[in-house]
Q: 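Pasting a structure here, questions to come.
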Amino acid sequence: MSRYSATEIEAKWQEAWDKAGIFTATRHGDKPKYYVLEMFPYPSGRIHMGHVRNYTMGDVIARHKLATGHNVLHPMGWDAFGMPAENAAMAIGGHPKEWTYGNIADMRGQMKPLGLSIDWSREFATCDPEYYGQQQALFLDMLDAGLVYRKNAVVNWDPVDMTVLANEQVENGRGWRSGALVERRELTQWFFKISSMSEELLSALDTLENWPAKVRLMQENWIGKSRGLQFSFERTDGAEPITVYTTRPDTLLGASFVGISPDHPIAKQLEAENPEIAEFVAECRKGGTTEEAIETAEKLGYDTGIRVKHPLDPNWELPVWIANFILMDYGTGAIFACPAHDQRDLDFCRKYDLPVVDTFFALDDDTPVDKIAFVPPKTEKVRWVNHFAGLTEATGDEAIDTTVDFAEKAGWGEGVTKYRLRDWGLSRQRYWGCPIPVVHCDSCGVVPEKKENLPIRLPDDVSFDKPGNPLDRHPTWRACACPSCGAAAKRETDTMDTFVDSSWYFARFTAPHAETPTDLAEAEYWMNVDQYIGGIEHAILHLLYSRFFARAMQITGHLPKKAIEPFDALFTQGMVTHAIYEFVEGLDAPGVQGSGPEADEELAEVMKTNPTRAKYLYPEEVIEFVEMTGEKRAVLRSAAEKLGINATDSVALNNLWLDEDARGQMVKIIPSAKMSKSKNNVVDPVNIISAFGADTARWFVLSDSPPERDVEWTAAGAEAAHKHLSRVYRVASEISASDNPANDEDEALLREMHKTIHDVTVGVESFGFNASIAKLYAFTNTLAKSKAGTTAKRQAARKLAQLMSPMTPHLSEELWQLLGGEGLIATAPWPVADAAMLVDDTVTLPIQINGKRRAEISVAKDMDKAEVEKVALSTEAVQKALDGATPKKVIVVPGRIVNVVV
RNA sequence: GCGGGCGUGAUGGAAUGGUAGACAUAUCGGACUUAAAAUCCGAAGGCCCUAGGCCGUGUGGGUUCGAGUCCCACCGCCCGCACCA
């Protein structure tokens, strides 16, 4: 009997699947369709364990659906545009195109050995002209439909790299690559009108029942709907009134000042007239728009000298301040401040010595406002001590409604709904992206390119030796004829944000070679994505943009109505993590340290004096062991080996730990950290596959944690997974070589088999992969120990192979063949549990006395309640507890439990 | 600050309100072996010397015949958003 050799098995079956073409998806057929998709990768050049986990999960679903008679679409592609390719070109030379396509080839080569059930005939990269040309067509249609427009916007500008930076690319106010101080600059940019769909994108979230509640909530918060009052303050100088928006109009009597954004038109006007204000506004603009910049920014204000009248009392004048914390692109860019009931306003008033007016509602205590503002609760009733609409007691929500009504009736304000969601700026001053297909003509202005001229291809002859966008300085690329008048004109050199590329790729997979963005018949058949799987990091942007695109594509006729929400079900999987081993070199520190608070403190102390000596060790460089206290510890492998200590010798390792003379090495274990090259804790799937095979890697990433949680990769875990697969192979081999007659153990084994079929299927269908795997372990144990006859065992082993096949497809094919299965296991019908076999004829019921388990009885499964009660009461434990008395109550849960209350 | 989630053995984690700790890792013991590896068998939440029993799912309360699970409060950790008016 041969041993389990993953290398041989896996290559063989991958070839067999290829030859049979079972993963190629075609529209025809009367089976129900099933579209499963994992978020496509960026071609960095190496696959990582996160990819393995993500694609394995999708593959489990895809293979299970295939076996349950579905017409499965399971495609793969590459999110191939983006900065890293250009950065590589700048850093190491070469061309982004070659770099990217080279990486794709490498990654495809690393991915194929995983044995994924992918239809590779549909593969594309977003940097293929065939793809981005269609994206340009889509852009033109969206422009036509009024879903794209150009406007001036304030952006993060990197003056060294000469490009716009996304907020995430600004670190501490500096460009992430150049290190230059980022400026806020106003540029003309292209925008998608996503905000016009705010309400639709928000309300449709309710229909996404199979999305994680967390993701829906994150999108809801991101869209940020709020309801409030918009009204104007008359200026005493008679100039244009200042319009403000507030969500708490009920606190209007607490107004202290009116604030405007530094970008507000009034501020801009004053800036031109008054150098002091110009200086103040410039100060406000410094530091970009990043979170950090905002976080650390102190509240700054400047009294403009303008005065306005309170809408409820023309004799009440309020000053108008420019304040740095007011954003121009939310609401009207102007607010009224109520320090008593808003912390931010209170801080500002304290700083600039503005009046803090009385409170207007009361909670239980009437402590006056000092440093903490009272925020009126929205749903709790409070007593209003002074409210202009005559309220005395109301919740915040009621107070707001009443106030809006009051203002509307009085004619000085109106209730409005606002959204935080802003339009999506898609222009990037980069080369490696999809060119925006428009032309700038001196006489016609901005003119869309003609569709027959698409794709507008990126030129290949570009250089990256200078900062900025190579398209800008290309000698000929910009030159073109105006699509409108035919005169000499210039191309737009901005390219699209790479999020555009990933906002419709799922639709393109339904017809990847179509001459139009999609083929409606194919889209009608394959859409929606039945199951989408990816990381939680895309909870907002990618998924929101895709939802927007699905709607835009429907408006422009590229997707059917049913695809308005493109992802029927979404699953967000956790990361694959690995311990980090942090080592401090050459220290005269006591002993060898592990994890735990003391070790952390000690290390922190040491790091203070030796800040440069920490380094990260590769897992191979340390030996982990368990100290006598039960703490996990690690020592330098080289140090242990020098002393002749074997890695498995825990006694010697413990002694080393205690040995004062072995001081000088500290290895700190940081468990379960994100894999990162710089921390030397990346496990390369390629190495795992060559050592253990793809099935082992697949099995392990699914086995140890629920799929939505992080899973820690450990060498021991991977080895254990491999051992288990070897065991299954051995057990199946023994069965196939045996010849035992049927016997009275058969039934028990087959019952267990049906239970396993049931439990594993439920697990696979509900993302309970770890639970399914636990059942498979248990059933393997049962099968290995069973004395049943060969026929029964062979049958059980075949079902085991089938149940394992979504996770370990290669091994399962091998076992299937070994055990005499017909054809490929991949296409064999999924096992169905016999309901009659799921319930045993006799069941063991625990007997509780007053809720505590005291005994158990074995009864027929269909014994009626009264009979069960009689049996239960006759048990010794119950008799003893009753001591002759009658029980107060007896609860019999059929097939579950009996509880006797005495 | 606002919103959400999670706290179960040494570890990852099981458990439609019904026998807490399945399954796995690590650990320990045994068998086989000249030996090692591989494999197989077994032990194992804590405490009471044992029989038997008591305690036990972050803490404190509550609902229930029965709570890891539901409700309230608190503590701790994690995630998302955030000068959003």
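As the structure is a computational prediction, the values presented were derived from the model and not from experiment. Naming convention: chains lettered A, B, ... in sequence-line order (proteins, then strands); numbering from 1 in each chain.
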Q: So, S226(A) versus Y245(A): side-chain donor-acceptor pair below 3.5 Å or not?
A: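 Yes - a donor-acceptor pair under 3.5 Å links their side chains.
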
Q: So which of residues 712-722 of chain A are in contact with RNA chain B, with a heavy-atom cut-off of under 4.0 Å?
A: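 Heavy-atom cutoff 4.0 Å gives A716(A), A720(A).
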
Q: Say we look at A10(B) and C48(B): how far apart would their P atoms be, to the nearest angstrom?
A: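 After rounding to an integer number of Å, I get 16 Å for this pair.
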
Q: Give, for atom OG1 of T572(A) and atom CD of E708(A), the distance between the pair rounded to the nearest 0.5 Å.
A: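 These two atoms lie 8.0 Å from each other.
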
Q: Grab the CZ-P distance between R248(A) and C83(B) for me, whole Å please.
A: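 To the nearest whole Å, that distance equals 20 Å.
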
Q: Hey, could you give me the CZ/CD1 distance between R854(A) and I847(A), rounded to the nearest 0.5 Å?
A: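 Reported value, rounded in 0.5 Å steps: 12.5 Å.
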
Q: Please determine whether a side-chain nitrogen or oxygen atom of N770(A) lies at a distance below 4.0 Å from atom OP1 or OP2 of A14(B).
A: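 The answer is yes; a side-chain N or O of N770(A) sits under 4.0 Å from OP1 or OP2.
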
Q: Let's test this: given Watson-Crick or G-U wobble pairing with both distances under 3.5 Å, identify the partner of C74(B).
A: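 The answer is G58(B), by the H-bond criterion.
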
Q: Determine if the base of G60(B) is syn or anti; take syn to mean the glycosidic torsion is within 90° of 0.
A: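 Anti.
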
Q: What about N899(A): does its side chain form a donor-acceptor pair under 3.5 Å with the base of C65(B)?
A: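 Such a pair is found, so the answer is yes.
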
Q: For ring pair (Phe, Tyr, Trp, His ring centres under 6.0 Å), just list the numbers for W211(A) and F571(A), CA-CA rounded to whole Å, side-chain angles, deciding distance to a tenth of an Å, and then say yes or no.
A: CA-CA 7 Å; W211(A) 280 40; F571(A) 189 86; over 10 Å; no

Q: Give one of base, sugar-phosphate or nothing for I326(A), where a contact means two heavy atoms less than 4.0 Å apart.
A: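 Counting heavy atoms under 4.0 Å across all strands, the contact made by I326(A) includes a base.
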
Q: Could you give the distance separating G12(B) and U16(B) at their C1' atoms, to the nearest angstrom?
A: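 Between the two C1' atoms, the distance is 24 Å.
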
Q: What does K785(A) touch in the nucleic acid at a heavy-atom separation under 4.0 angstrom: a base, only the sugar-phosphate, or nothing?
A: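 It contacts sugar-phosphate atoms only.
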
Q: Hey, would you say the F257(A) and F348(A) ring centroids sit under 6.0 Å apart?
A: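 Yes, the ring centres sit under 6.0 Å apart.
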
Q: Walk me through whether D401(A) and R227(A) qualify under salt bridge (charged side-chain N to carboxylate O under 4.0 Å, His left out).
A: CA-CA 10 Å; D401(A) 286 345; R227(A) 180 177 65 100; 2.4 Å; yes

Q: When you compare G5(B) with A67(B), how far apart are their P atoms, in angstrom units rounded to a whole number?
A: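 24 Å, rounded to whole Å.
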
Q: With RNA chain B as reference, determine whether Y419(A) or A774(A) sits nearer its 5' end, using the nearest nucleotide of each.
A: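 Checking each residue's closest nucleotide, the 5'-ward one belongs to A774(A).
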
Q: How far, in whole Å, is G68(B) from U59(B) if one measures between their P atoms?
A: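 Straight-line distance between the two P atoms is 12 Å.
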
Q: For the residue pair F692(A) and H722(A), what are the closest heavy atoms and their distance?
A: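 So the two residues come closest at O-CD2, 3.3 Å.
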
Q: Compare the minimum distances between each of A24(B), G13(B), C81(B) and the side chain of Y777(A), then state the nucleotide with the smallest one.
A: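 Ranking A24(B), G13(B), C81(B) by closest atom to the Y777(A) side chain puts A24(B) first.
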
Q: Take atom C1' in G58(B) and the same atom in G9(B), then report the distance between them in whole Å.
A: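 To the nearest whole Å, 15 Å.
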
Q: If we take the P atom in both A20(B) and C54(B), what is their distance in whole Å?
A: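 Their P atoms lie roughly 13 Å apart.
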
Q: Which whole-number value in Å describes the distance from R227(A) CZ to C84(B) C1'?
A: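 Taking CZ of R227(A) and C1' of C84(B), I get 16 Å after rounding.
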
Q: Let me spell it out: for each of E856(A) and S703(A), pick the nucleotide of RNA chain B with the closest heavy atom. Which residue's pick is nearer the 5' end?
A: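 It is S703(A) whose nearest nucleotide is closer to the 5' end.
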
Q: Please report, rounded to the nearest Å, how far the P atom of A38(B) is from the CZ atom of R3(A).
A: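 So the CZ-P distance, R3(A) to A38(B), works out to 10 Å.
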
Q: Measuring only the C1' atom in each nucleotide, how far is A24(B) from C77(B)? A whole number of Å is fine.
A: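 Between the two C1' atoms, the distance is 25 Å.
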
Q: Are F769(A) and W699(A) close enough that their ring centers fall under 6.0 Å?
A: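 Ring-ring flag for F769(A)/W699(A): false, centres at least 6.0 Å apart.
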
Q: Given C84(B), A85(B), C81(B), which nucleotide is nearest the side-chain atoms of R422(A)?
A: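 In terms of side-chain proximity for R422(A), the closest of C84(B), A85(B), C81(B) is C84(B).
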
Q: Give the C-alpha distance, both sets of side-chain angles, the deciding distance and a yes or no for ring pair (Phe, Tyr, Trp, His ring centres under 6.0 Å) between Y545(A) and W424(A).
A: CA-CA 9 Å; Y545(A) 292 159; W424(A) 169 14; 3.6 Å; yes

Q: The side chain of K852(A) is closest to which nucleotide in this list: C23(B), C55(B), G13(B)?
A: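 So the nucleotide nearest the side chain must be C55(B).
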
Q: Strictly below 4.0 Å: does R727(A) bring a side-chain N or O up to OP1 or OP2 of C40(B)?
A: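 Yes, R727(A) has a side-chain N/O under 4.0 Å of OP1/OP2 on C40(B).
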
Q: Of the candidate nucleotides G3(B), A38(B), C23(B), which contains the atom at the shortest distance from the side chain of K723(A)?
A: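 Among the listed nucleotides, the one closest to the side chain of K723(A) is A38(B).
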
Q: Verify, without hydrogens or angle tests, whether D345(A) (side chain) and C338(A) (backbone) share a donor-acceptor contact under 3.5 angstrom.
A: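 Present.
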
Q: What contact category does K775(A) fall into here, base, sugar-phosphate, or nothing, at under 4.0 angstrom with non-hydrogen atoms?
A: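 K775(A): no heavy atom of the nucleic acid under 4.0 Å.
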
Q: For the P atoms, the ones on U27(B) and on G21(B), what distance do you get once it is rounded to whole angstrom?
A: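 Looking at atom P only, U27(B) and G21(B) are 24 Å apart.
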
Q: Taking all non-hydrogen atoms of both residues into account, name the closest pair between I849(A) and A877(A) and its distance.
A: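 Smallest heavy-atom distance, with atoms named: CD1-O, 3.7 Å.
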
Q: A38(B), G13(B), G80(B): which one has an atom nearest the side-chain heavy atoms of R709(A)?
A: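 So the nucleotide nearest the side chain must be G13(B).
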
Q: My understanding is that a pair needs two contacts under 3.5 Å, Watson-Crick or G-U wobble. By that rule, which nucleotide pairs with G1(B)?
A: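 Its partner is C81(B).
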
Q: Dump every N/O contact between nucleotides 77-79 of chain B and the protein below 3.5 Å, one line per pair.
A:
from   : atom 1 : to      : atom 2 : distance (Å)
C79(B) : O2'    : K214(A) : NZ     : 3.3

Q: When you get a sec, tell me which of C83(B), G12(B), G80(B) is the closest nucleotide to the side chain of D704(A)?
A: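 Minimum distance to the D704(A) side chain belongs to G12(B).
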
Q: How many whole angstroms separate atom CZ of F700(A) from atom P of G13(B)?
A: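 Answer to the nearest Å: 11 Å.
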
Q: Hey, is the side chain of R896(A) poking within less than 4.0 Å of OP1 or OP2 on C65(B), counting only N and O atoms?
A: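 For R896(A), the contact criterion (side-chain N or O under 4.0 Å from OP1 or OP2 of C65(B)) is not met.
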
Q: Using a 4.0 Å heavy-atom cut-off across all strands, classify R854(A) as base, sugar-phosphate, or nothing.
A: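 The residue R854(A) makes sugar-phosphate contact but no base contact.
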
Q: Applying the side chain to side chain contact (heavy atoms under 4.5 Å, CB included) criterion to T577(A), which one of S705(A), P671(A), S672(A) satisfies it?
A: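 By the side chain to side chain contact (heavy atoms under 4.5 Å, CB included) criterion, T577(A) pairs with just one of S705(A), P671(A), S672(A): S672(A).
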
Q: Pairing check on U11(B): which nucleotide meets the Watson-Crick or G-U wobble criteria with it, both distances under 3.5 Å?
A: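 Matched U11(B) with A24(B) under the 3.5 Å cut-off.
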
Q: Look at the side chain of R53(A) and the backbone N and O of G574(A), then say whether any donor-acceptor pair between them is shorter than 3.5 Å.
A: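 Yes, because the side chain of R53(A) sits within donor-acceptor range (under 3.5 Å) of the backbone of G574(A).
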
Q: With a 3.5 Å distance limit and no angle check, can you tell me whether D263(A) reaches the backbone of M328(A) through a side-chain donor-acceptor pair?
A: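 No, because the side chain of D263(A) does not come within donor-acceptor range (under 3.5 Å) of the backbone of M328(A).
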
Q: Considering just the side-chain nitrogens and oxygens of N781(A), establish if one lies under 4.0 Å of OP1 or OP2 belonging to A24(B).
A: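 Answer is yes, contact under 4.0 Å.
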
Q: Within the modelled atom types, does a donor on one side and an acceptor on the other bring the side chain of K889(A) and the base of C65(B) under 3.5 Å apart?
A: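 No, the side chain and the base share no sub-3.5 Å donor-acceptor pair.
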
Q: Checking all strands, does Y245(A) fall into the base, sugar-phosphate, or nothing category for heavy-atom contacts under 4.0 angstrom?
A: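 Base contact.
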
Q: Base, sugar-phosphate or nothing for I891(A)? Non-hydrogen atoms, less than 4.0 Å.
A: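 The answer is base, as I891(A) lies within the cut-off (heavy atoms under 4.0 Å) of a base atom.
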
Q: How long is the line joining NE2 of H341(A) and C1' of G1(B), in whole Å?
A: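 The answer, rounded to whole Å, is 18 Å.
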
Q: Would you mind telling me which of G12(B), C83(B), A14(B) lies closest to the side-chain atoms of P706(A)?
A: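 The closest nucleotide is A14(B).
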
Q: Atom CD1 of I773(A) and atom C1' of G12(B): how far apart are they, to the nearest Å?
A: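 I773(A) atom CD1 is separated from G12(B) atom C1' by 13 Å.
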
Q: Between G80(B), G4(B), C84(B), which nucleotide gets closest to the side-chain atoms of L217(A)?
A: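 The listed nucleotide nearest to L217(A)'s side chain is G4(B).
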
Q: Have a look at V893(A) and say if it touches a base, only the backbone sugar-phosphate, or nothing, with a 4.0 Å heavy-atom cut-off.
A: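 Base contact - V893(A) has a heavy atom under 4.0 Å of at least one base atom.
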
